[in-house]
2 protein chains.
Amino acid sequence: MISVLIVEDEEIAAEANRRYVLRVPGFQVAGSARTGADALRILRHEHPDLILLDLNLPDMHGLDLARSLRAAGNLCDIMAITSARDLTMVRSAVSLGVTQYLLKPFTFDALRQKLQQYKQFRESTAGAATGQGEVDRALNALRAATRSPLPKGLTQATLEAIAGELGRHPEGVSAQAVGTLIGVSRVTARRYLEHLAETGLARRVPRYGEVGRPELVYQPEHL
Amino acid sequence: MISVLIVEDEEIAAEANRRYVLRVPGFQVAGSARTGADALRILRHEHPDLILLDLNLPDMHGLDLARSLRAAGNLCDIMAITSARDLTMVRSAVSLGVTQYLLKPFTFDALRQKLQQYKQFRESTAGAATGQGEVDRALNALRAATRSPLPKGLTQATLEAIAGELGRHPEGVSAQAVGTLIGVSRVTARRYLEHLAETGLARRVPRYGEVGRPELVYQPEHL
DNA sequence: TTCGCTCGTGAACGAAATGTACGCAATGAT
DNA sequence: ATCATTGCGTACATTTCGTTCACGAGCGAA
């Protein structure tokens with residue numbers, strides 16, 4: 001479980017954030033602070049994995065809180081929440097190690113996506129890297145998957161069919177098998193399965209056969 | 001022009017980095033430091049946009065230098081350079097606002113790509129955002145997908161499986177044993193183990209038996 | 001209707017990743 | 001030296017992947 005500290009001055013927003021976080025599987029709420037001083041006090045004895053930090057606090061700016069933490073050697077991850085549209089603020093935040101940046105007002109889906117990206121980032125930084133590629137992939141986990149429109153060449157109906165079939169095979173299925181089951185070609189099935197893998201909803205795992213090139217099976221990723 | 005401070009203890013590497021940076025359009029070199037203390041002294045009167053920071057410094061760790069900077073309110077951007085394959089180090093670096101992470105040894109193309117990504121990030125954080133989409137786009141510039149050029153005939157997934165199994169046997173394993181444990185043939189295991197040996201992540205050591213040709217065991221190489 | 005355009009699909013074709021098989025290399029024993 | 005033994009290294013057969021390109025459906029304009 002990833003424990004989250006919520007720092008938000010408005011009572012109603014704080015409660016909403018708390019409920020939101022609890023709705024995402026794998027996350028729990030470690031505590032809640034109303035001011036920067038409050039947060040610092042809590043962090044003296046609590047050690048959450050992530051801080052959901054509203055930058056607009058009554059006693060100090062959120063980034064000042066972040067700097068205090070870094071100066072004290074606290075490397076806790078931070079997700080910034082603000083209504084400020086200033087992009088130079090984003091740069092300052094990145095410098096202080098803010099991993100995610102969310103603009104108010106946001107929907108539950110937006111927060112969930114950011115939390116899931118963060119979770120994937122944590123999981124991908126578990127072991128050791130064999131090369132630059134793995135480092136890049138770990139950092140890319142934090143990348144925002146612009147989920148807005150479907151990529152060219154893909155249909156919502158086909159996507160739902162493929163995703164539905166994928167969900168029926170927790171142990172994994174090959175593109176060939178999905179295609180046959182749905183009634184489309186392997187090529188088409190592969191296109192949609194690749195899309196699902198891109199957006200983190202499927203995992204690609206090679207399955208080694210008796211002989212020949214291994215088969216690539218897709219496993220549904222329940223986040 | 002984006003000015004870059006180079007922090008690297010080895011004279012030859014520092015000079016190479018300097019030449020590399022100068023070859024990328026839009027970048028200039030603000031100075032060069034051999035130690036962490038040296039860098040801190042330079043940064044008292046110089047204000048570069050970016051620090052090319054070797055994490056392995058003689059007097060302190062590169063990330064300690066980063067923390068000192070953040071504690072002092074210096075939000076200068078940092079690109080980390082290291083030969084350590086430890087992915088938890090990547091997480092610490094991200095927490096301290098390291099925007100790019102480059103593994104040694106790297107080619108000019110690799111550094112150029114990272115510098116250009118950084119430049120694009122700066123340019124995309126110039127004005128104000130109209131929505132979450134623009135914030136995501138700006139952050140994505142830093143983490144743009146990079147193809148990891150694995151040699152032909154090798155797969156990322158299999159490589160990770162083999163490398164993972166290798167790490168579980170500090171005393172060394174034969175290709176035959178790794179293959180059996182992973183579920184691939186000895187030949188395939190050998191291909192990947194040889195690749196790991198080529199890239200310096202494994203060592204090849206013969207193990208002499210009672211009789212017959214000695215067995216070749218691979219030991220994980222921790223840098 | 002007919003033309004022209006776009007978009008989703010699938011057949012076909014190299015290319016890629018793996019296993020099998022076999023010759024040969026490296027060691028100990030005689 | 002020569003032989004027995006064991007495992008390495010490589011050619012090639014095998015299977016699947018990934019990409020390219022043509023086809024047909026749908027839609028808007030003339």
Side-chain angles (χ1 to χ4, degrees), chain A residues 130-131 133-134 148-166 169 171-199 202-219, chain B residues 145 147-166 169 171-199 202-219:
Chain A
T130 61
E134 280 199 61
S148 41
L150 243 57
K152 290 288 185 186
L154 272 61
T155 313
Q156 185 66 36
T158 311
L159 180 61
E160 283 171 20
I162 300 274
E165 190 58 41
L166 176 66
H169 300 269
E171 75 287 354
V173 243
S174 70
Q176 173 72 67
V178 172
T180 307
L181 288 165
I182 298 294
V184 298
S185 75
R186 174 184 67 87
V187 178
T188 299
R190 179 188 172 283
R191 271 201 275 269
Y192 287 88
L193 289 168
E194 280 300 313
H195 171 70
L196 291 172
E198 286 290 322
T199 53
R203 201 185 332 191
R204 306 169 32 162
V205 176
R207 177 190 290 162
Y208 307 100
E210 295 301 310
V211 68
R213 176 168 175 157
E215 190 179 44
L216 197 55
V217 300
Y218 296 80
Q219 293 175 344
Chain B
R147 301 284 182 275
S148 80
L150 220 58
K152 292 291 184 189
L154 301 188
T155 312
Q156 185 68 36
T158 309
L159 179 60
E160 284 173 30
I162 300 274
E165 190 59 42
L166 176 66
H169 299 271
E171 75 287 356
V173 246
S174 70
Q176 173 72 66
V178 171
T180 306
L181 288 165
I182 298 296
V184 299
S185 73
R186 173 184 66 87
V187 177
T188 298
R190 191 185 96 83
R191 282 198 194 101
Y192 288 87
L193 288 168
E194 281 299 315
H195 170 71
L196 291 171
E198 288 290 323
T199 54
R203 202 182 338 182
R204 304 168 31 152
V205 176
R207 177 192 289 162
Y208 304 96
E210 296 302 310
V211 66
R213 175 170 176 156
E215 191 180 47
L216 195 55
V217 300
Y218 296 80
Q219 293 176 344

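Each chain gets a letter, A, B and so on, in the order its sequence line appears, and its residues count up from 1.
You'll find the side chain of L193(A) reaches within 4.5 Å of the side chain of L166(A), heavy atoms only. The side-chain heavy atoms of E165(B) and V173(B), taken from C-beta on, include no pair separated by under 4.5 Å. In this structure, the side chains of Y192(A) and T158(A) come closer than 4.5 Å at one or more pairs of heavy atoms. Inter-residue side-chain proximity for V184(B) and V178(B) is flagged as unmet; no heavy-atom pair is nearer than 4.5 Å.
Residues in residues 175-185 of chain A take part in no salt bridge (Lys or Arg N to Asp or Glu O under 4.0 Å) pair, two or more places apart or across chains. Residues in residues 183-197 of chain B take part in these salt bridge (Lys or Arg N to Asp or Glu O under 4.0 Å) pairs, two or more places apart or across chains: R190(B)-E194(B), E194(B)-R204(B).
Rounded to whole Å, atom C1' of dG18(D) lies 18 Å from atom CD of Q156(B). In this structure, Q176(A) places its CD atom 15 Å from C1' of dT9(C), rounding to the nearest Å. Between the P atom of dG7(D) and the CZ atom of R204(B) lies a distance of 17 Å, rounded to the nearest Å. If you take CG of L216(A) and P of dA17(C), they are 11 Å apart, rounded to a whole angstrom. To the nearest angstrom, P of dG19(C) lies 14 Å from CD of E215(A). Rounded to whole angstrom, the span from the CG atom of L159(A) across to the P atom of dT9(C) amounts to 10 Å. Rounded to whole Å, the distance from CZ on R191(B) to P on dT18(C) is 7 Å. One can place CZ of R207(B) at 14 Å from C1' of dT6(D), the figure rounded to the nearest angstrom.
When the side-chain nitrogen and oxygen atoms of Y192(A) are compared with OP1 and OP2 of dG8(C), none of them lie within a distance under 4.0 Å. Considering only side-chain N and O atoms, S174(B) lies nowhere under 4.0 angstrom from the phosphate OP1 or OP2 of dG7(D).
In terms of the salt bridge (charged side-chain N to carboxylate O under 4.0 Å, His left out) criterion, residue partners of R207(B) (sequence neighbours excluded) are, by chain and number, E215(B). Residues passing the side-chain hydrogen bond (donor to acceptor under 3.5 Å, both in side chains) test with T155(B), sequence neighbours excluded: none.
Residues of residues 180-190 of chain B having a heavy atom closer than 4.0 Å to DNA chain D, listed by number: R186(B), V187(B), R190(B).
Atom CG of L154(A) sits about 9.0 Å away from atom CD1 of I162(A), to the nearest 0.5 Å.
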Protein and nucleotides 25-29 of chain C: nitrogen or oxygen contacts under 3.5 angstrom:
unit_1: dA25(C); atom_1: O4'; unit_2: R213(B); atom_2: NH1; d: 3.3
unit_1: dA25(C); atom_1: N3; unit_2: R213(B); atom_2: NH1; d: 3.3
unit_1: dA26(C); atom_1: N3; unit_2: R213(B); atom_2: N; d: 3.4

